[in-house]
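Model, not experiment: these values are computed from the prediction. Here is the naming used below: chain letters follow the sequence lines, and residue numbers restart at 1 for every chain.
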Protein chains: 2
Amino acid sequence: MPKAPTSADVAREAGVSQSTVSYVMSGKRPISEKTRRRVAEAIDRLTYEPHAGARALAGHRTSTIAVVMPLRQASSAERLMIFVEEFTYAARRRDHDVLLVTADEGAAGLRRVAGRSLCDAIVVMEVGSHDARVETARGLAVPVVFVGIPDDGEGLDCLDFDFEGAGEVIVSELAGLGHRTVDVIGWGEDVHAQGFNYIPRFTAGAERAARRSDVRLRWHRASTGEDVRRAVDNARAASGVPALAVVTAIPETLHALSERRLRPGRDVDVVALTTGFVSEADGLTNVSTRPRDVSRRVMERVFGLIDGDLATRGGADLVPASLTRGGSTRSRPADRPAGPADNHREKEAS
Amino acid sequence: MPKAPTSADVAREAGVSQSTVSYVMSGKRPISEKTRRRVAEAIDRLTYEPHAGARALAGHRTSTIAVVMPLRQASSAERLMIFVEEFTYAARRRDHDVLLVTADEGAAGLRRVAGRSLCDAIVVMEVGSHDARVETARGLAVPVVFVGIPDDGEGLDCLDFDFEGAGEVIVSELAGLGHRTVDVIGWGEDVHAQGFNYIPRFTAGAERAARRSDVRLRWHRASTGEDVRRAVDNARAASGVPALAVVTAIPETLHALSERRLRPGRDVDVVALTTGFVSEADGLTNVSTRPRDVSRRVMERVFGLIDGDLATRGGADLVPASLTRGGSTRSRPADRPAGPADNHREKEAS
DNA sequence: TTGTAGGCGTTATCAC
DNA sequence: GTGATAACGCCTACAA
């Protein structure tokens with residue numbers, strides 16, 4: 001195993017000084033075309049790669065973004081993977097890598113990766129409404145971007161999907177179909193227990209739309225398939241055609257409906273909040289939580305902060321909610337716009 | 001933003017030399033209890049954290065494990081997340097971190113993270129039967145552990161679930177129920193196209209069991225819900241009670257059966273290969289691919305190699321397949337053992 | 001446009 | 001049991 005070449009080796013091979021090699025790599029100094037070529041050739045003749053630790057030590061930057069994962073129950077695996085993927089791709093486009101940190105390290109994890117100079121910035125996923133990491137973040141030497149909107153996030157860099165808008169859009173849509181009662185298949189007790197900020201936000205939006213449209217909401221917290229079946233039966237017991245807002249357990253709900261021979265779009269109106277690419281969700285009237293858009297905006301923010309773009313700093317950004325009509329709701333009584341829903345409608349580049 | 005304290009600051013605060021601080025932290029030298037305490041106090045008085053880059057530079061180790069993710073289509077998001085989680089937890093237990101690398105970097109990605117001294121070891125997920133990364137790995141300065149069994153993996157460190165055994169167990173079980181034909185809902189064309197080694201392995205196992213039990217296998221490559229429905233109809237067209245081996249698209253298959261009012265365990269025998277914790281899979285007769293066990297064994301191997309345990313080096317390990325009977329198959333005609341299936345049955349500590 | 005040299009914060013080898 | 005001190009490989013003023 002021959003020792004790895006250093007920039008000094010490259011310098012010798014190219015007949016230049018070590019610092020010239022460094023400048024060729026960083027581009028922080030004008031270099032004549034001739035020496036640039038000689039150095040470049042030496043570099044790949046030796047298959048030289050710079051030592052990341054030495055770089056971090058001398059250069060005060062690590063080219064690494066730390067990403068704090070959520071606890072397992074918190075989110076759909078699909079949504080999570082999309083985030084992780086997009087973060088990693090975005091980082092690579094800027095010649096950075098992603099270091100994973102698990103949520104169970106808590107605030108100490110943030111202090112660790114920042115204190116040890118393991119990263120240039122931190123992304124915290126699934127922040128809670130009251131989250132110890134929020135206060136910790138304020139004192140760190142590296143910028144922190146939160147995915148989610150904590151209650152005490154003054155001046156922090158937060159970014160998330162607009163769950164409040166989603167609640168509004170979904171309820172408004174069902175109200176527009178003439179429903180006076182909407183049953184919500186909501187997050188289970190276990191998820192509530194974790195205090196994620198998006199639950200109250202979604203709830204607030206839904207309730208606001210309900211008040212405005214004089215609709216009654218019935219919330220069902222569903223963790224298991226059994227919970228879902230109970231909620232569906234409950235919804236059916238009431239009036240004629242039930243209205244379902246499904247924010248979790250979409251496959252289970254569709255299955256329960258199928259068992260009862262209730263076809264969405266005919267015997268029941270279903271609007272879903274989709275978090276990933278559940279194949280059964282195809283064709284559903286739904287609001288997507290747009291994980292790719294959220295992740296991209298998060299990373300734009302991250303690099304904005306790293307680059308010192310003052311314009312990027314501080315405040316909460318929301319990725320707007322928009323509804324896509326599908327076959328799981330009956331056609332609308334009139335052709336009139338969906339009301340408040342339209343305030344949130346947006347077409348965005350994929 | 002006060003500058004981060006260094007070990008020199010700690011030394012001054014504790015009234016010892018800088019090297020003593022280093023030895024207190026590493027424990028590589030006997031230290032008197034008195035100075036150990038003084039140093040420890042100084043450390044948390046200053047909230048000192050060692051600089052990872054400096055450590056890597058001087059110590060020739062990074063305390064980081066690089067994990068190469070699979071391409072997106074390759075695996076279920078749930079299975080993936082379990083791997084990533086387990087890798088990260090296992091790494092933390094040994095005071096290491098996980099750096100993510102995406103599959104699209106290919107072999108160059110391995111060279112990059114190894115060449116730049118970004119990690120002490122690399123884990124490559126979802127290796128293909130013929131994978132350029134296999135050859136690259138042989139020349140690297142850091143150990144590489146592959147999840148999967150490539151064809152040309154002589155002397156490499158490979159580890160995976162025993163897909164071949166799984167194929168055997170599943171077909172044997174259905175044969176034992178008296179079936180002479182088994183329909184396999186198999187991986188779609190898109191997955192086949194990627195050349196993952198586990199597909200031929202599963203196929204070989206299934207075919208061997210089929211020959212032995214004089215069973216005919218009918219393979220259906222299913223990517224979409226439509227493919228699944230077609231496969232199910234096909235299976236039904238044949239004999240009385242169909243036998244289904246479901247290795248992918250489990251929810252879609254169950255949905256298709258439900259649509260057709262075929263109840264697993266009564267109108268159809270279903271044995272599934274489960275890759276995550278699909279809620280609908282509860283109670284199914286199934287063989288789990290045991291992602292947690294696989295990940296743990298992978299990390300044991302990784303740290304074995306890092307520690308230089310020669311015993312750990314080289315060769316392919318398989319996590320054995322075992323079948324769990326559930327309600328999706330009818331009770332067995334006799335009480336006799338499942339035959340070949342039992343060769344693979346194993347109880348392992350969770 | 002290029003070279004020289006000091007320093008980044010550890011680890012580990014010598015001495016004592 | 002403890003203290004100096006030379007690497008480790010790169011970045012970046014400062015000079016030329």
Side-chain angles (χ1 to χ4, degrees), chain A residues 2-40 42-43 46-64 95 112 114-120 141, chain B residues 2-40 42-43 46-64 95 112 114-120 141:
Chain A
K3 223 171 64 30
T6 71
S7 61
D9 298 326
V10 174
R12 198 173 317 114
E13 176 87 8
V16 299
S17 81
Q18 187 274 325
S19 69
T20 296
V21 175
S22 181
Y23 282 117
V24 166
M25 300 213 66
S26 71
K28 291 190 177 176
R29 179 195 251 189
I31 301 281
S32 78
E33 195 43 43
K34 185 173 60 209
T35 57
R36 174 192 304 296
R37 210 176 24 71
R38 293 171 57 76
V39 169
I43 282 178
L46 302 183
T47 63
Y48 163 73
E49 302 260 12
H51 188 290
R55 258 197 177 171
L57 182 56
H60 305 283
R61 43 204 187 63
T62 62
S63 295
T64 297
D95 264 300
R112 182 174 70 86
R116 302 197 157 189
S117 300
L118 277 166
C119 61
D120 299 337
Chain B
K3 223 171 60 28
T6 72
S7 60
D9 298 324
V10 174
R12 197 173 317 112
E13 176 86 7
V16 300
S17 80
Q18 188 276 327
S19 67
T20 296
V21 175
S22 178
Y23 282 116
V24 166
M25 301 213 65
S26 70
K28 290 190 176 176
R29 181 194 249 191
I31 300 281
S32 79
E33 194 43 42
K34 186 173 58 206
T35 56
R36 177 193 300 297
R37 212 177 19 74
R38 292 171 57 76
V39 169
I43 283 178
L46 302 183
T47 65
Y48 163 72
E49 300 261 11
H51 187 291
R55 259 196 176 171
L57 181 56
H60 304 283
R61 47 206 184 63
T62 62
S63 295
T64 296
D95 264 298
R112 182 175 70 84
R116 302 197 157 190
S117 300
L118 276 166
C119 61
D120 299 336

### Query
Base, sugar-phosphate alone, or nothing: which one does Val16(B) contact when heavy atoms must sit under 4.0 Å apart?
sugar-phosphate
### Task
Indicate the atoms forming the closest heavy-atom contact of Ala56(B) with Gly53(A), along with that distance.
CB-CA, 4.4 Å
#### Entry: dG3(D) phosphate, OP1 or OP2, under 4.0 Å from Ser17(B) side-chain N/O
yes
### Query
Any side-chain N or O of Ser7(A) under 4.0 Å from OP1/OP2 of dC10(D)?
yes
### Query
Is there any side-chain hydrogen bond (donor to acceptor under 3.5 Å, both in side chains) pair reaching into residues 10-25 of chain B, and which pairs are they, with sequence neighbours excluded?
Ser7(B)-Gln18(B), Asp9(B)-Arg12(B), Glu13(B)-Arg45(B), Ser17(B)-Ser19(B), Ser17(B)-Thr20(B)
#### Entry: Listed partners of Arg116(A) passing salt bridge (Lys or Arg N to Asp or Glu O under 4.0 Å), at least two apart
Glu49(B)
### Query
Between His60(B) (NE2) and dA6(D) (C1'), how many Å, whole number?
12 Å
### Message
Classify Thr6(A) by what it touches in the nucleic acid, base, sugar-phosphate, or nothing, heavy-atom distance under 4.0 Å.
### Response
sugar-phosphate
#### Entry: Student check: side-chain heavy atoms of Val21(A) and Val16(A) closer than 4.5 Å
yes
#### Entry: Set of residues satisfying side chain to side chain donor-acceptor pair (under 3.5 Å) with respect to Ser32(B), sequence neighbours excluded
Thr35(B)
### Message
Using five base pairs at each end to define the local axes, how bent is the helix from dT1(C)-dA16(D) to dC16(C)-dG1(D), to the nearest 10°?
### Response
30°
### Message
Need one value for Thr35(B): base, sugar-phosphate or nothing, where a base atom within 4.0 Å counts as base even if backbone is also close, heavy atoms only.
### Response
sugar-phosphate
### Task
Under the side chain to side chain donor-acceptor pair (under 3.5 Å) rule, collect the residues that match up with Arg61(A), sequence neighbours excluded.
none
### Message
If you assign Glu33(A) and Gln18(A) each to the DNA chain C nucleotide with the nearest heavy atom, which residue ends up on the more 5' nucleotide?
### Response
Glu33(A)
### Query
Using a heavy-atom distance cut-off of less than 4.0 Å, which residues of residues 48-58 of chain A contact DNA chain C?
Leu57(A), Ala58(A)
### Task
Check every nucleotide of DNA chain C for an atom under 4.0 Å from a heavy-atom of chain B, then give the first and the last such nucleotide from 5' to 3'.
dG9(C) to dC14(C)
### Task
Could I get the full list of side chain to side chain donor-acceptor pair (under 3.5 Å) partners for Thr62(B), not counting sequence neighbours?
Asp120(B)
#### Entry: All salt bridge (Lys or Arg N to Asp or Glu O under 4.0 Å) counterparts of Arg29(A), not counting sequence neighbours
none
### Task
Indicate the atoms forming the closest heavy-atom contact of Val10(B) with Val39(B), along with that distance.
CG1-O, 4.2 Å
### Query
Could you give the CD1-to-P distance, from Ile31(A) to dT12(D), as a whole number of Å?
13 Å
Identify the pairs formed between an N or O of the protein and an N or O of nucleotides 13-16 of chain D at a distance under 3.5 Å, and give each distance.
unit_1  : atom_1 : unit_2   : atom_2 : d
dA13(D) : N7     : Tyr23(A) : OH     : 3.4
dC14(D) : N4     : Arg29(A) : NH2    : 3.2

